[in-house]
Amino acid sequence: MLALSIGLAACAGPSNPPSNLPLTDITASIRPRPSAPRPGATAVVLALSGGGARSAAFGYGVLSALSEQQAPEGNGRTLADEIAVVAGVSGGGMLAAYLALHGPSGIAAFRRDYLDRDPEASLRTAFTPDNLLRGYRGGVNDLTGLATWLDAHLYHGATLGDVERGRGPRLLLHATDLYNRAPFAFDRANFRTICSDYNSFPLSHAVAASAAVPLLFAPVVLENFSPACPLAPDVPTTQPAGSAVMAHLVETQARYAMAPDLRYLKLLDGGLVDNLAAQNLMRSMRRAAPSPLPEATAREVRRIVVIVADASLRVGGDISATMEGPGALDAVTASIDAMVDSSSRASLDRLEEETGRWRKRLIRWRCDATGARDCDKLEIAFVRLSLADIRAPDESARILQLHNKLSLKADEVDFLAGLGRRLLVANLQQRRLIGL
């Protein structure tokens, strides 16, 4: 019977059939609604890092604090109301997608809908022969697990098209394309390149792909309809000078249209290539101005605050406390963390530099578009909030205990959200003292 059960488990591997639809003449003609003007002279651009429920709780604390801070103009709006763009990945992507769909008024409900629930209960997590074999065949959990849970509790059937028509800021979300070893941004440009309909793609599937930790989750699969596409794909023909990263992304999009063996995209955790959502934000900044801001916002804004909420863990743990070890699982986890964290540090430096260049491009666009005498009056502040900056030994030790979780206890949510709130308030107070 044991042999029979193992044999049956081997046949019952994860099932993640493609859930995207081909692009047609009709769906290709549907364009996003114009962004509604945002009153006020302040715009907030927010990036929420990966890190499972830890990053969701930390980001929730940051958003809660923003919703309590009045905008500088004193127009009755809060800084949360002024969020124009939110980028997220993995656990941070769950919160970013929720904010983009429901708007700032839904911030408080995120705790009820996600943080106070137990999404891990919907997953296969036990070390059983069945699960080990499923992991060997590609991933223990498929779309019937996390994606179904997210749809039932957070997104309720919403699609990427619904997000554009929602009440929140513009969403930047990405996963990792295993074939190209590159980020796959869930945007219209990438869906057009694979000749797929963007509007109908389930938001829960995009978020699940962004959070699909290897082996624990099977890749989310997208079918590449490009070889038989009735419409010409929008494939970039030139590569940006001096940027190996951007050149690779241009080559990646070209492969979608030409590579004969790229029929199905296999997408896993976006944190593998961009755990701060910083690269995705930079790519959007490098597009034609005023991207990623809506035009109405870019014309009127006088102050932009770019905030990176970084819930990743830099150093720590107990693997160096003894001569023995680490075990296989700890070694793999620490190795992945080392690669991800090293990339995140470099991305953070580049994002701050790119923000300065983006400001110059925005000013040129504003002056050309409006001709206003004060079109160059634009300040940008860069704010980094990181759990790695928590120095108190007891708090640091507690943070390390909350690694690789999709569910948290109520006191753990309070702890992480409190840290996010505390770091943001302290940073804003400091900047007000120096006139920002």
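Being a predicted model, the structure only gives us computed values, none of them experimental.
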Do the charged groups of [X] and [Y] touch, with an N to O distance under 4.0 Å?
X      : Y      : value
Glu352 : Arg357 : no
Arg421 : Glu68  : yes
Glu379 : Arg359 : no
Arg283 : Glu354 : no
Glu120 : Lys405 : no
Asp414 : Arg111 : yes
Asp187 : Arg170 : no
Arg134 : Asp142 : yes

Is the side chain of [X] donor-acceptor paired with the backbone N or O of [Y] at a distance under 3.5 Å, no angle test?
X      : Y      : value
Glu82  : Ala71  : no
Thr159 : Asn199 : yes
Ser67  : Ala80  : no
Arg366 : Ala298 : yes
Asn141 : Phe217 : no
Thr193 : Ala189 : yes
Thr176 : Pro183 : no
Arg54  : Ala311 : yes
Ser291 : Ser284 : yes
Glu412 : Lys409 : yes

Query raised in the report: Should the pair Arg398 and Phe415 be classed as cation-pi, given the thresholds of under 6.0 Å to the six-membered ring centre and 45° from the axis?
Result: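 So Arg398 does make the cation-pi contact.
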
Requested in this report: Could you walk me through whether Phe184 and Phe186 pass the ring-ring contact (aromatic ring centres under 6.0 Å, His included) test, one step at a time?
Outcome: CA-CA 6 Å; Phe184 180 88; Phe186 289 95; 5.4 Å; yes

Do we see a donor-acceptor contact under 3.5 Å between the side chains of [X] and [Y]?
X      : Y      : answer
Ser407 : Asp118 : yes
Asp177 : Tyr256 : yes
Thr42  : Arg303 : yes
Asn20  : Glu223 : no

Contact summary for [X] and [Y], nearest pair of heavy atoms:
X      : Y      : answer
Pro119 : Tyr114 : CG-CE1, 3.7 Å
Ala43  : Thr297 : CB-CG2, 4.0 Å
Asp376 : Cys367 : N-SG, 4.1 Å
Ser386 : Leu423 : O-CD1, 3.6 Å
Ala126 : Asn131 : O-ND2, 2.8 Å
Met94  : Leu154 : O-CD2, 4.3 Å

Requested in this report: To the nearest 0.5 angstrom, please state how far the OG1 atom of Thr252 sits from the CG atom of Asn180.
Outcome: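 Atom-to-atom, Thr252:OG1 and Asn180:CG are 4.0 Å apart.
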
Query raised in the report: How many angstroms lie between atom CG of Asn275 and atom CD of Gln279, to the nearest 0.5 angstrom?
Result: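 So the CG of Asn275 and the CD of Gln279 are separated by 10.5 Å.
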
Report task. For Asp151, enumerate each residue passing the side-chain contact (heavy atoms from CB on, under 4.5 Å) test, keeping only those at least two apart in sequence or located in another chain. Result ->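 Applying side-chain contact (heavy atoms from CB on, under 4.5 Å) to Asp151 gives Tyr155, Ser204.
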
Requested in this report: Under the ring pair (Phe, Tyr, Trp, His ring centres under 6.0 Å) rule, collect the residues that match up with Trp365, sequence neighbours excluded.
Outcome: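 Here no residue qualifies.
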
